[in-house]
Amino acid sequence: MKILVLNCGSSSLKYQLIDMDTEQVLAKGLCERIGLNNSRVTHKIFDGNSFEKEISLQNHLDAVQIVMDNLLDENYGVLQNITEIDAVGHRVLHGGKFFNKPVIVDSEVKNAIRECFVLGPLHNPQNLMGIEACEKLMPGTKQVAVFDTAFHQTMPTKAFLYALPYEYFERYQIRRYGFHGTSHQYVSMRATKMLDNSNLKIITCHLGNGSSICAVENGKCIDTSMGFTPLEGLAMGTRCGDIDPAIIKFLICEENLTINQIDDILNKKSGIFGISGISSDFRDIEAAAINGNERAKIALEIFYYRCAKYIGSYASAMNGVDAIVFTAGLGENSPITREKICSYLNYLGVEIDKEKNNCRGREIDFSADNSHVKLLVVPTNEELMIAKETLALI
Ligand code: AMP
């Protein structure tokens with residue numbers, strides 16, 4: 001069985017072709033700057049060979065066509081015929097209230113994804129374009145939609161409802177949805193495998209450019225830090241996370257900003273970038289902090305502190321915690337981040353093994369022998385999770 005996984009962003013398309021018998025990635029690649037000048041594509045196959053070229057990509061249909069061409073390429077291809085692909089799994093950002101699990105795409109599903117455009121305006125239209133491009137270029141091949149929000153649909157009302165007038169929930173479905181669901185689901189599943197126990201209270205920390213934390217009890221999400229949009233929660237690369245909403249009116253008045261400008265500031269100019277004034281990349285901030293930059297130091301302190309506060313609140317939400325899992329760019333690769341966050345959690349019985357923690361990008365249990373809570377690093381693999389969900393459905 002060969003599954004193609006597509007992840008359509010606002011101007012990009014990431015793809016992986018996975019052989020599900022071996023879980024080997026046969027080929028993967030990235031189309032960038034779709035709809036802009038200087039679009040480019042990179043393509044890499046299982047033996048390490050790769051190419052990169054500039055190519056005109058007007059829209060996601062062009063991009064999907066290029067993916068097909070790459071997979072069939074004389075020198076860098078891995079397929080003889082496109083019909084060798086058994087199904088396509090699409091990452092879809094927002095499933096709104098409609099989807100609590102992956103689904104095979106039909107016209108009703110497409111209509112629901114369309115209804116969620118307003119909730120995910122930068123992603124859902126492109127996700128649907130990717131689906132429709134595949135329908136056109138690979139007629140008859142099953143398409144599966146895997147939603148970033150679906151895993152969080154098990155949250156109880158007390159966790160997802162905001163303390164706003166109830167009519168806004170009824171009229172506009174304003175509520176917490178949560179994101180990174182595929183990643184939280186994958187790493188929590190891996191954790192239950194690693195610990196050989198499926199009845200656990202797990203806190204999963206997806207710490208990357210975008211970051212979120214999730215409370216998972218017996219395999220089900222019961223709360224998560226991102227909200228109606230991915231802006232809520234932790235301080236992130238460029239997103240502010242939790243702030244007093246009154247700051248928005250204050251800034252609009254004092255700085256004479258439009259609503260779009262404030263939106264841009266909160267999403268793209270805040271977070272560790274906004275505090276440090278240096279970069280949104282944690283590697284740059286860690287390096288600057290080591291060199292004594294005070295704003296880089298405080299940006300990191302804020303990031304660690306917020307993570308620890310969320311972990312504490314989710315330990316309360318579940319009345320305990322058996323395991324804390326770190327994943328994504330920073331969670332997988334930054335021992336100092338894990339150490340600093342865990343240093344706030346001794347009251348929960350969290351003790352790290354410093355030597356084991358000194359690792360990057362691989363699964364490890366870095367809890368000390370006397371730790372009451374298991375501490376794990378689990379590299380996320382959203383593409384494999386999407387492929388598995390797709391396979392399960394077809
Ligand atoms: P992601 O969004 O999951 O791709 O994660 C991207 C973030 O992870 C960026 O801010 C990177 O700086 C950070 N990151 C990746 N590798 C490392 C590393 N070795 N040390 C610290 N941060 C890292």
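Indexing begins at 1, ligand by ligand and atom by atom, following the structure's order.
- Between F282 and ligand 1, an N or O atom pair is found at a separation short of 3.5 Å.
- Listed by number with element, the atoms of ligand 1 under 4.0 angstrom from any heavy atom of S334 are 21 (C).
- Only side-chain heavy atoms of R360 come within less than 4.0 Å of ligand 1; its backbone N, CA, C and O stay farther off.
- For F228, there are no ring pair (Phe, Tyr, Trp, His ring centres under 6.0 Å) partners, not counting sequence neighbours.
- Among protein heavy atoms, the minimum distance from atom 23 (C) of ligand 1 is reached at R283 CG, 3.7 Å.
- For ligand 1, the atoms lying closer than 4.0 Å to a non-hydrogen atom of N209 are 1 (P), 2 (O), 5 (O), 6 (C), 7 (C).
- A cation-pi arrangement is not found for R306 relative to Y310, the charged atom failing to lie both closer than 6.0 Å to the ring centre and inside a 45° cone about the ring normal.
- Residues in residues 83-92 take part in these side chain to side chain donor-acceptor pair (under 3.5 Å) pairs, two or more places apart or across chains: N81-T83, H90-Q143, R91-D148, R91-E382.
- No side-chain heavy atom of L137 sits less than 4.5 Å from a side-chain heavy atom of I82.
- Considering N333, T327, D281, L330 only, the shortest heavy-atom separation from atom 17 (C) of ligand 1 involves N333.
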(request) In sequence, state the C-alpha distance, the side-chain angles, and the governing distance for V64 and L13, and then conclude on side chain to side chain contact (heavy atoms under 4.5 Å, CB included). (result) CA-CA 8 Å; V64 174; L13 187 166; 3.8 Å; yes

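- At a threshold of 4.0 Å, the pair K297-E294 counts as salt-bridged, since one of the basic side-chain nitrogens sits closer than that to a carboxylate oxygen.
- Among G329, S280, G210, the residue whose heavy atom lies closest to atom 3 (O) of ligand 1 is G329.
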